[in-house]
Amino acid sequence: MSQMVISIGFSIGGAGASTLALITGALLAAQGNKVLIIDASPVASISFVLAGTAKERPFLMDTNLDSEEVSDLVKVGLLGALIDQAPGKHIISFSPNFHVLPNDGHLGFYLPRIYYDKSLRMRIEHDPFKQMTEKLKSDYNYIIVDTHYSGLSEISDMVITSSDRIVLPLHARAYLPSKVERTLELIEEKGLNRSNVIGVFRRGIDNDECDLEVENKVKNQFGDILSRNFLPYNQSVQKAACGYDSLMEEVKNRRIPAEYCCLISEFC
């Protein structure tokens, strides 16, 4: 069983990281791989798209937001798994080979508080994300991590040190060169080879001349990491990001643009 952790993100909102993570996971699962998607993004897009059904929502949101005790806030999802190191009880299974480890959408709020809680701090000081993914690797062919920009340093540091591949989604209207530079610096600081990093542009439906100018600037500045493929954002991709059933329907009927399959072959 091939075992690989692929982290997608480290860019600002709107670059298409969550959509790419969803489609990547679904395409790999459709090929017969066992896949786990970890939602490590503070906005929790994947959790609310996939786990936000009437059946799963009580599980996802089972927290006491008014509690002063941090331990009451992190009983479920990713933060719960980081603390108790028993990720299996936090994972939602959508099919035998497509699983999700969700978070409740308050990751950026809870994590800093944990560091100030003496009863919990000692339990997460030794890179619990890496410990968790090492435990999970034997159960999955691919672990796909959806994360956010490097401003949330605790999660970014943990995810980078746990990754075999990193994909940086870029979009002309959601692009800050300083974020890309900082992410690449952080990757090198953590000892990950730059050859394991791929940058990919998502093209919108209504690209204009200004967008193309930004693309050319990025090619000049970061051409060594850019994929040859530009990911289209069309109706099929929009439908795929609307829920598990619609995601699998688009994949099953082979309506996902071929560029996504070509990109996956580059980093898998």
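Nothing here was measured: the structure is a model prediction, and the numbers come from that model. The chain is numbered in sequence order, starting from 1.
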**Student:** Please report the interatomic distance CZ(Arg254) to CG(Leu27), rounded to the nearest 0.5 Å.
**Tutor:** 11.0 Å
**Student:** Which pair of non-hydrogen atoms, one from Ala15 and one from Arg202, has the smallest distance, and what is that distance?
**Tutor:** O-NE, 3.5 Å
**Student:** In chain order, what residues pass the side-chain hydrogen bond (donor to acceptor under 3.5 Å, both in side chains) check against Glu249, with sequence neighbours excluded?
**Tutor:** Arg255
**Student:** Considering all heavy atoms of both residues, which atom of Ala29 and which atom of Val35 are nearest to each other, and what is their separation?
**Tutor:** N-CG2, 3.7 Å
**Student:** In this structure, which one of Ile143, Thr147, Val5 forms a side chain to side chain contact (heavy atoms under 4.5 Å, CB included) with Ile38?
**Tutor:** Ile143
**Student:** Which heavy-atom pair separates Ala241 from Thr19 by the least distance, and what is that distance?
**Tutor:** CB-OG1, 4.0 Å
**Student:** Tell me, please, which residues at least two apart from Ser246 pass side chain to side chain contact (heavy atoms under 4.5 Å, CB included).
**Tutor:** Cys242
**Student:** When you compare the side chains of Asn97 and Ser95, does any donor N or O come within less than 3.5 Å of an acceptor on the partner?
**Tutor:** yes
**Student:** Can you see which heavy atom on Gly25 is nearest to which on Ile37, and at what distance?
**Tutor:** CA-CD1, 4.3 Å
**Student:** Nearest 0.5 angstrom please: Ile166 CD1 to Thr183 OG1, how far?
**Tutor:** 8.5 Å
**Student:** Given the rule in the side chain to side chain contact (heavy atoms under 4.5 Å, CB included) test, do Val200 and Leu20 qualify, once you have shown the distances and angles that lead to the verdict?
**Tutor:** CA-CA 10 Å; Val200 60; Leu20 179 55; 4.2 Å; yes
**Student:** Are any of the side-chain heavy atoms of Pro169 and Ile8 separated by less than 4.5 Å?
**Tutor:** yes
**Student:** Donor-acceptor pairs under 3.5 angstrom involving side-chain atoms of residues 260-267: please list them, not counting sequence neighbours.
**Tutor:**
from, atom 1, to, atom 2, distance (Å)
Tyr260, OH, Pro232, O, 3.0
Ser265, OG, Cys262, O, 2.5
Glu266, OE2, Ser227, OG, 2.8
Glu266, OE2, Asn229, ND2, 2.9

**Student:** Residues in side-chain hydrogen bond (donor to acceptor under 3.5 Å, both in side chains) with Ser45, at least two apart?
**Tutor:** none
**Student:** When you compare the side chains of Asn103 and Ser47, does any donor N or O come within less than 3.5 Å of an acceptor on the partner?
**Tutor:** no
**Student:** Rounded at 0.5 Å granularity, tell me how far CD1 in Ile23 sits from CG in Leu28.
**Tutor:** 12.0 Å
**Student:** Measure across Gly243 and Leu50 and return the closest heavy-atom pair with its distance rounded to 0.1 Å.
**Tutor:** C-CD2, 4.0 Å
**Student:** Quick one: pull up CG in Leu168 and CG in Leu184 and give me the separation to the nearest 0.5 Å.
**Tutor:** 6.0 Å
**Student:** Roughly how far, to the nearest 0.5 Å, is the CG atom of Leu136 from the CD1 atom of Ile91?
**Tutor:** 5.0 Å
**Student:** Before you tell me yes or no, could you show the steps for Glu185 and Glu188 under side chain to side chain contact (heavy atoms under 4.5 Å, CB included), namely the whole-Å CA-CA distance, both residues' side-chain angles and the distance that decides it to 0.1 Å?
**Tutor:** CA-CA 5 Å; Glu185 288 172 3; Glu188 292 175 356; 5.6 Å; no
**Student:** Using 30° and 60° as the class boundaries, would you call the ring planes of Tyr140 and His99 parallel, tilted or perpendicular?
**Tutor:** perpendicular
**Student:** State, with a plain yes or no, whether a side-chain heavy atom of Asn141 is found less than 4.5 Å away from one of Gln31.
**Tutor:** no
**Student:** Might you work through the side chain to side chain contact (heavy atoms under 4.5 Å, CB included) test for Met132 and Gln85, ending with a clear yes or no?
**Tutor:** CA-CA 6 Å; Met132 181 185 71; Gln85 286 297 306; 3.9 Å; yes
**Student:** Could you tell me whether the side chain of Leu170 reaches within less than 4.5 Å of the side chain of Leu226, counting heavy atoms only?
**Tutor:** yes
**Student:** Within the distance-only criterion (no hydrogens, no angle test), does the side chain of Asp146 pair as donor or acceptor with the backbone N or O of Asp39 below 3.5 angstrom?
**Tutor:** no
**Student:** Just jot down the salt bridge (charged side-chain N to carboxylate O under 4.0 Å, His left out) partners of Asp224, sequence neighbours excluded, or say none.
**Tutor:** Arg194
**Student:** Please lay out, stage by stage, how Phe129 and Val145 fare under the test side chain to side chain contact (heavy atoms under 4.5 Å, CB included).
**Tutor:** CA-CA 11 Å; Phe129 198 94; Val145 184; 3.9 Å; yes
**Student:** Distance alone, cut at 3.5 Å: any donor-acceptor contact between the side chains of Asn193 and Ser195?
**Tutor:** yes
**Student:** Measuring from atom CG of Leu22 to atom CD1 of Ile46, what distance do you get when rounded to the nearest 0.5 angstrom?
**Tutor:** 4.0 Å
**Student:** Can you sort out the partners of Asn216 under side-chain hydrogen bond (donor to acceptor under 3.5 Å, both in side chains), two or more places apart, ordered by chain and number?
**Tutor:** none
**Student:** For the residue pair Asp139 and Lys34, what are the closest heavy atoms and their distance?
**Tutor:** O-CD, 3.0 Å
**Student:** Evaluate whether atom NZ of Lys135 has more than 12 neighbouring non-hydrogen atoms of other residues, nucleotides or ligands under 6.0 angstrom away.
**Tutor:** yes
